[in-house]
Structures are given as C-alpha cells and as structure tokens.
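What follows is a single structure, written as structure tokens, with notes after it.
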Amino acid sequence: MDEQGEVKVKNPWHRPAFIFLAAFIILGIVIMVAISVVQNKPLPQKYKYGIVLDAGSSHTSVFIYEWPAEKENNTGMVQQKHTCNVKGKGISSYDADPDGAGKSLQDCMVEAKQIIPAHRHTETPVYLGATAGMRLLKMKDEAASEKVLTSVEHSLKTYPFSYQGARILSGQEEGAFGWITVNYLSENLNKPTGTLGALDLGGASTQITFIPQQDIESNDNSIDFRLYGNDYHLYTHSFLCYGKDQALKISMSKKLVSSHAAYKTDPIELRDPCFHPGYNTTKTVQSVFNTPCIKAVNFSSGYISHVGLGNWSQCQQSIRKVFNTSRCAYSKCSFNEVFQPSVDGQFGAFSAFFFVMNFLNLTSDSLATTKQKLATYCSTPWGKIVKNHPGTKEKYLSEYCFSGTYILTLLEDGYNFTSENWKDIHFIKKIRDSDAGWTLGYMLNLTNMIPAEAPDTPLMPYGGYVTFMILFTLFILVLLLLAYLYFRQSSRKAQKGII
Ligand SMILES: O=c1[nH]cnc2c1ncn2[C@@H]1O[C@H](COP(=O)(O)OP(=O)(O)O)[C@@H](O)[C@H]1O
Ligand SMILES: [Ca+2]
C-alpha cells in the first residue's frame, strides 16, 4: 500500500506535444467546416430552359436553350438543346393571311412542350424576335405587320410557357446580340483575350459588328456594354435590303432597268452573268419588284425570261453596282455613305455567309483561290450542277453563284477586307454545339444572365475542393491515429511504473 503512494503517475494528457496535437485537430475541423460552408454546392444539378423564336425574312426557327440553374451567371453555361425549323416561309410572308403566321408555329411549339420537362414549363420564358423581313413589311404596310405580330402573340400565349413578347428587333440589336452570342460561346467575355467580330448575312439584311481600333464617328453605329466587369465599345451596322435575297432582287432589277430589251419583249429577257449557262426560267416581274427595297418600274410584260450566262467577272461587275461607294462624309465608309472603321481582329461569319461558302467549299481558301474556284463554279453548265446535287433545293442551287459572288463583293468592296486579312474571317455555323446568331445573346440579355460585374468565384475549383477535403480528412485521421498510439504508449509506461 505504501509503495503505491510513492509512485508518481505522469498524466499523458498534460504533455505539451499532446496539447499541440489536439489544438491542431480542432483547428483542422474548424477550417473544414468553414470551407464547406463557403463552397456549399447543392447536388444534383437542376436545369432551366428558355425559348427564342428567330422570325427571319425567309423562315422561322425555334431555339430551346438549357442551363444549370445554379450557374446561370457564369459565362458559357447556356447551351442550345434543340432547334426546330418552322414549315413554310417567314412570318412576314403572311401579310395577306395574318392568322397563318401564328398557326405556322404550332408544330415546333408542341415539340418544345415535349422536350422541356413539364415541371419547368410555366417558368420557361418564350421570346419572339422578328428581323429584316418584318422591318420591310412594316415599311410597306404597317397595319399588316401589326396583325402578323398579334397573330404570333395569340399563338404563343396558348402554350404553358411564360410568354415574354413578340417584337421587331432593330438592326443594331440584331448586330449586337449576334456579337454577344459568338463571344459568350467562345468564352471571350471574362478573359483578357481579344473578342470576335460578328458578320451575319440574312435574306433581307446583313450586320457587321466588331470592336474597332479607332473612334466611332457616328452615334448610330456605336453600342456600349459592361459585361463581367469589362467595358465594350462596339461598332455595329445593319444594312437593310442587303441580305442575299433582297440584294439579288436589287441586282436583277438594275439589269432589267438598264437593258433596252426589257421594255420591249414579252416576256422580258434578262441575260444574267450570275446564273449558270443553260439556266432558263420564267419568273414574274412582281417576284423581283415586290419589295420596298426597289422603286416600281413599268415594263411591257409581267414575265421575265431569266437566262444564265455563267460569267463570274461580269457577275461581280453587276453586283458592284448594288454598292454605292462614291460619297463618304466620314474619315472612312463601307458603302452607301455609312461610316465604318477599318476591320480589325478575327471575325465569325455565320448564317447565310456559312451556308453559301460551306456549300461552295470555300471556307478555308485564300481570297485569290476563292475567286478562281467561284469563277469555275459559275461557268459550270446548269445541267451539270443539277446532276451533281440531286438533293439540293433548286432555288438555293440556282442562286449559289450569285450568293457566293455577292458575299465576296460585300466583304471585299463593301466592308474592305483584303487578301491579307481574308484569313481572319471564319465561316462558322456553330460554336460548342450552339448556333451562331442573335437569338442566344437576346435571351441572355433579357434574362439578365450576363451580369455587368464579374460574379463571385468560389474559393477554389470544385475538383480542387474535393481533393482538398479528402487529403485534409486523411491528414486528420493520421493525426488521430498518432495521438492514440502516443496515448497508449504513455499509459503503458505509466502502468509499468506502477508494477
Ligand atoms: O441551306 C441553305 N443554303 C443557302 N441559303 C440558305 C440555307 N438555309 C438558309 N439560307 C438562307 O439564309 C438566309 C437566312 O435569312 P433570314 O431568314 O434569317 O433573314 P433575315 O435575317 O434577313 O431576316 C436566307 O437568305 C435563306 O435563304
Ligand atoms: Ca437572320
């Protein structure tokens, strides 16, 4: 009994090393909890949806977009989930039958109902934006354009989605939203890298938008944005009547007006270098002159015999007459007295720029080679062209020589691209599986999905966070194990002392 009273048992819990170890563990747990709170990331991911109808001059397309609900303010998160092409022509062609415009959207809207999960329907916004076809109809017959818009509005309101409006976009909006789309999809907006200029060719108008190196001398052509904490000062212009379908009408009307034969023969003969040799089709005068882009003229006949000559250089000469480059009230102009700074940087050329150049296989050649190949293509007999492309719509097929030459002339003589910077034009349809065009930029803007300031970024990327948590947990387990071993050894020593 006395022996026991003499042995001093040292309490291992009071050793400084142990206190240090315990403090370390507590600190570790506190850090882990703090990071978990900051990094809190709910799973599984929920998706949201948005619908934009692109009511173009030639046709309407319905775009369905999808994005993770928690990440809507991060760049590059919205993706195109589905597109549906509305059967028939664009809504502006329903001027004499406005109800038909609304009805034409039915099939694609039913498809949208099937694609978007039902529980998301009521919160899914639907926007319809009409472009140059409706701008022209409004010029020609404002009441008719309003009836068409009312008809599509009634139709869109019958679906379970959240209808947000149907309106005609201005040319500046069309250009600016196209620019936002291509730069959002290329993830250029929150990085210090350069941006991509946007070239959009439609049927009734064409847009050019880019960040210029020099001052913008006309207010009409200037747009300012603040996106993700960066200021953007954009040059943009939309040429109404310079889409490829209207440009073809203008070009044909000029040929008809300048040809004496046009006033005498029946049908009027139009010998056209922009169509293939052997091409010979009867068209109505009305089909060329039915646009506010051309002044009405009286002819001897209501019919045109459109005869192809297949001469590329003559074709280009005739197209040059469509651009007026004689006067400019600014330091520089593109054409028709419109201010345009020198083109600068890389450009994405989409919509009909892509359709035409891709069909002609001219998306990656030098300017000189492009001209040579196009000249050969235009001189190819019509019969051979039809035989070589059995699946292609004859209207598109007959017009590719004109459209290709128009694109070249617009880019070189209109916008002043040269053989040096031709390689900076990238003919594109999609970027990361989403179509280049104004629709995505329009929706991002209206849903406030591009914040003016950069959103707060998490402390560390998700992968890094998971790795950190695993390593940290392992580290703490090892510390606990060491503490246990140390405690056991100390107790044993103490017990040996007792014995
Ligand atoms: O596969 C194709 N080959 C050639 N042209 C096409 C093809 N698909 C669409 N297009 C053309 O692209 C243009 C699209 O213009 P859109 O209808 O968007 O008019 P807008 O933008 O002037 O309102 C039209 O000229 C149409 O004919
Ligand atoms: Ca368009």
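Just so it is clear, the model here is predicted, and its values are computed rather than measured. Just follow the structure's listing: the first ligand is 1, and inside any ligand the first atom is 1. One is the number of the first residue; the rest follow in order along the sequence.
N421 and T418 form a side-chain donor-acceptor contact under 3.5 Å, judged by distance and modelled atom types alone. Side-chain contact, Q316 with T409: a donor N or O sits under 3.5 Å from an acceptor N or O.
Remark: distances from the non-hydrogen atoms of D245 to ligand 1 include one below 4.0 Å. Note on ligand 1: F359 sits outside its first shell, no heavy atom being nearer than 4.0 Å. Distances shorter than 4.0 angstrom do not occur between any heavy atom of Q246 and any atom of ligand 1. Heavy-atom distances between S205 and ligand 1 reach below 4.0 Å in at least one pair. Residue-ligand proximity: A132 is placed with a non-hydrogen atom under 4.0 Å from ligand 1.
The aromatic rings of Y415 and F417 lie perpendicular to each other, with more than 60° between the two planes, well past the 30° mark.
Polar contact check, G56 against ligand 1: no nitrogen or oxygen pair lies under 3.5 Å apart.
Ranked by closest heavy atom to atom 13 (C) of ligand 1, the top entry among S238, G203, C241 is G203.
Less than 2.5 angstrom separates the SG atom of C84 from that of C108.
Heavy-atom neighbours of K191 NZ from other residues, nucleotides or ligands within 6.0 Å: above the threshold of 12.
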Problem - C333 vs V338, side chain to side chain contact (heavy atoms under 4.5 Å, CB included): CA-CA, chis, key distance, verdict - result: CA-CA 5 Å; C333 283; V338 172; 5.8 Å; no
